[in-house]
Amino acid sequence: MPNIFLKDEALAKSPAIVGFEIARFIKASGKDRVSIFDVVEQFKQKPWFSPNSFVYGITFLYAVGLIEFQEPYLVASNAD
């Protein structure tokens, strides 16, 4: 099984850091629901962005209970 945390990978692409950036964007939007397409549009020009890092970032947020999925939206949990 591949490891999602690689020692040779840039820290900015780690799931926790990418998840933090996504969570900060959702909180700054002032909405509980944000379209996943809007999130991708916001970050696709960032140097850390790749499809893998993005998916691992939202998977991390889901695993720790900070977001839920309601296609095509990312829904922020009530946690601060």
Side-chain angles (χ1 to χ4, degrees):
M1 179 176 170
N3 189 353
I4 64 171
F5 295 100
L6 302 173
K7 66 178 181 173
D8 298 331
E9 184 178 43
L11 185 60
K13 289 185 175 189
S14 71
I17 301 298
V18 173
F20 171 77
E21 293 293 334
I22 294 168
R24 184 165 50 173
F25 173 73
I26 293 171
K27 186 172 182 175
S29 74
K31 303 175 189 171
D32 290 339
R33 296 183 343 158
V34 177
S35 170
I36 196 166
F37 302 111
D38 292 339
V39 178
V40 169
E41 186 66 31
Q42 172 72 23
F43 293 119
K44 71 181 181 182
Q45 299 301 322
K46 300 289 184 182
W48 56 261
F49 183 85
S50 71
N52 282 342
S53 64
F54 182 75
V55 168
Y56 290 150
I58 62 173
T59 302
F60 174 79
L61 291 175
Y62 179 76
V64 297
L66 294 178
I67 63 166
E68 295 289 330
F69 298 105
Q70 291 178 356
E71 296 91 12
Y73 298 102
L74 300 176
V75 180
S77 296
N78 291 332
D80 287 327

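Keep in mind the model is a prediction, meaning the values are calculated, not measured. Nothing fancy with the numbering, it's 1 onward along the sequence.
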Q: Say whether, by atom type as modelled, one donor and one acceptor occur between the side chain of Ser77 and the main chain of Gly65 under 3.5 angstrom.
A: yes

Q | Gap between atom NZ of Lys27 and atom CZ of Phe20 - 0.5 Å precision | A | 9.5 Å

Q: Identify whether Val55 and Val34 are in the same connected component of the hydrophobic contact network (ILVMFWY, side-chain heavy atoms under 4.5 Å).
A: no

**Q.** Nearest-0.5 Å distance that lies between atom OG in Ser35 and atom CD in Glu71
**A.** 11.5 Å

**Q.** Residue pair Ile58 / Ile67: nearest heavy atoms and the distance that separates them
**A.** O-CD1, 3.6 Å

Q | Verify same cluster id: Val40, Phe25 (apolar side-chain graph, 4.5 Å) | A | yes

Q. Does OH belonging to Tyr73 count more than 12 external heavy atoms closer than 6.0 Å?
A. no

Q) Is Ile36 reachable from Ile26 through a run of hydrophobic residues whose side-chain heavy atoms are each under 4.5 Å from the next? A) yes

Q. Is there a side-chain contact between Trp48 and Glu21, using heavy atoms and a 4.5 Å cut-off?
A. yes

(Q) Count I, L, V, M, F, W, Y as connected when their side-chain heavy atoms are under 4.5 Å apart, and connections chain through other members. Are Val64 and Val75 then in the same cluster? (A) no

**Q.** Heavy-atom side-chain contact between Phe54 and Val39 under 4.5 Å
**A.** yes

Q) Does any non-hydrogen side-chain atom of Ile22 lie less than 4.5 Å from one of Leu61? A) yes

(Q) Take a 6.0 Å sphere around CZ of Phe49 and say whether it holds more than 12 heavy atoms from other residues, nucleotides or ligands. (A) yes

(Q) Just so I know, are the side chains of Val18 and Phe43 near enough to count as touching, which here means a heavy-atom distance under 4.5 Å? (A) no

Q.
Nearest 0.5 angstrom please: Tyr56 OH to Ser50 OG, how far?
A. 9.0 Å

